[in-house]
Peer 1: 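There's a structure below that I have some questions on.
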Amino acid sequence: MGISEKRLRDILGREIEVSETVNQRLQDTYSILEKKHLTFAKQKHYRKNLRIAAVMAAIICLGIPGVVYASVKSGFFEGMFGNETKKSTDVIHTEIDDGKGKTVAVDIPSKEYVPVDGEKAEKLLGQWVMDEPILTKIGEHTLTIQSFAYDKNGALMYFTLEREGGVTALTGDMDTNLTKGAYFTNDSDFYFRIEAAEEIVGADNTYVDMEKSTGEKLYCSSYILWPEEVKDESPIELVIDKYPGPMKELDAITDEAKEQEWWNQTETERINLTNKGQIPVQCIDLGSNGYIEYSPVSICIDMSKGLGLSDEEAADPYYMNHLEIKYKDGSSYVIFDKTDNIANSGYVLGTDKWYKTMFNRLVEIDQIAEIIVNDVSFPMQ
C-alpha cells in the first residue's frame, strides 16, 4: 500500500543510519515508481491542452463462440482472483535509495493469493463482465481487452499487449508486481487509461503474469480505483493517447513551446468498454458512527466516521492499521495489517476521507459476518 505525501516527506527528511548494502533490484523499482508517476503527471497536466483529434478508427470486436468466451471469462476470474500463476510472498525486508544518496529500510508486505471457484465467480460477477473482447491496433502494438467489470468505486481489467519482435511500450516484472505495478516506458508512443464520462480517470495497479507472458505478449491484470464515485449511467471508456513519437522524444525537449507543440500533435481515441452496468454495492450505514460500501470486488470506507480520527487523519491512508472481513463460518480475509505487514489487495487508494481497496480475491458478500476497520467492528445489519 502507498503512503501519503506527508508521511513520505517525513520519512525522507530524517537522518538515518543503515548498512551500505543496497538491494539493486529495489533501487530499480524505486526508479520505476518515479517514472510511472511522472508519465501520469504529464498526461494530467497537458490533457486540457491536447488537440483531441476526431479519430474514429474501426475497432475490431472479436465475435467468438460462447464456449470460447466462457474460457476467456474463466481466464479473467483466474487472472484477477486466482493463484494458478500468482505466487504468494512473505514479507521482504530490504533497502532502497531515497534519492538523496542514502538508503531507507523498507518492508514490502506479504501477499497471499488463493484459489478462485469459477462457478461462484460466474454467479457473483458473470452478468456484469463485458460480453466480448475488444481488440485494437496501436502502431506496432496490439491491445486486447479480454474482460472488464466495474462497480462505483473501482474496476477490474484483464488484457494482453503484444508486438512482433517484443513489447516495448509497457514493462513489468516480479519487482513491479510486488510494488506499484507495470508502467509505460520511454519508448512508448502511446498511453492508455480507463475513464468515466465525468472525466474521472481510474488510478491503477497492473500485475503482469510472469508465467504466461512472453517477450512478445504480456498478460496483465489491472486493478483500478476511481478517485470519485462513478454514477451508474456513466459510460466507461478506454482512452488511448497516440503520441507523435516515443515519450523519450518529449523528455529531450527543453523548449516549452516545442513541448506544447509535441502534445498538440497527440491524437486521442475513445472506445466504449461496456454496457453491462455496475456490479451492485452494499453498505453498512451507521450514521455518524461509520459508513462502509462493499461489493464482491472492492471496499470503500469513510475514515471520518466511527474510527476516532481527526479530519486530517481521516484524509491520510497512513491511519489505516487493520482491515479484515470475517465470514459466518469463522474464517477471515485479512486485507491489510500494518503490524504484521500484510497487504492482500490488488490496489489501494486514499482520496479525501475515503479509503478504497480492490480485493485480490473474490468475496462472497452474503457470507460476511462483520468487517473490522482498525479496532472497530461493523457487523452486518
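Treat the numbers as computed from the prediction; the structure is a model and nothing was measured.
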Peer 1: Identify whether the distance between the nearest side-chain nitrogen and carboxylate oxygen of Glu195 and Arg193 falls below 4.0 Å.
Peer 2: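 Yes, charged N to carboxylate O under 4.0 Å.
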Peer 1: In terms of heavy-atom contacts, does CD of Glu211 have more than 12 from other residues, nucleotides or ligands at under 6.0 Å?
Peer 2: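 Yes.
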Peer 1: Going from CD1 on Ile138 to CG on Asp241, what distance comes out if it is rounded to the nearest 0.5 angstrom?
Peer 2: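 Reported to 0.5 Å precision, the distance equals 10.0 Å.
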Peer 1: Check the pair Asn360, Tyr333 against side-chain hydrogen bond (donor to acceptor under 3.5 Å, both in side chains), reporting the backbone distance first and the verdict last.
Peer 2: CA-CA 10 Å; Asn360 74 343; Tyr333 168 24; 3.1 Å; yes
Peer 1: Out of Phe148, Phe192, Phe76, which one pairs with Phe159 under the ring pair (Phe, Tyr, Trp, His ring centres under 6.0 Å) rule?
Peer 2: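 Option passing the ring pair (Phe, Tyr, Trp, His ring centres under 6.0 Å) with Phe159: Phe192.
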Peer 1: Identify whether the distance between the nearest side-chain nitrogen and carboxylate oxygen of Lys152 and Glu229 falls below 4.0 Å.
Peer 2: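 A salt bridge is present here (some side-chain N lies under 4.0 Å from a carboxylate O).
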Peer 1: Quick one: does Thr266's side chain have a donor or acceptor within less than 3.5 Å of a partner on Tyr243's backbone?
Peer 2: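 No, Thr266 side chain to Tyr243 backbone: no donor-acceptor pair under 3.5 Å.
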Peer 1: Parallel, tilted or perpendicular, judged at 30° and 60°: which one describes the rings of Tyr158 and Tyr219?
Peer 2: tilted
Peer 1: Is the charged tip of Lys276 near the ring of Tyr150: under 6.0 Å from the six-membered ring centre and within 45° of its axis?
Peer 2: no
Peer 1: Taking atom CD as the centre, does Glu140 end up with more than 12 heavy-atom neighbours from other residues, nucleotides or ligands that are less than 6.0 angstrom away?
Peer 2: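 No, because the 6.0 Å sphere around CD of Glu140 holds 12 heavy atoms or fewer from other groups.
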Peer 1: Taking ring pair (Phe, Tyr, Trp, His ring centres under 6.0 Å) as the criterion, tell me which of Trp263, Phe184, Tyr183 meets it with Tyr191.
Peer 2: Phe184
Peer 1: Ignoring hydrogens, what is the shortest heavy-atom contact between Arg163 and Val167? Give both atom names and the distance.
Peer 2: N-CG2, 3.9 Å
Peer 1: Do the side chain of Thr185 and the main chain of Thr168 share a donor and acceptor less than 3.5 angstrom apart?
Peer 2: yes
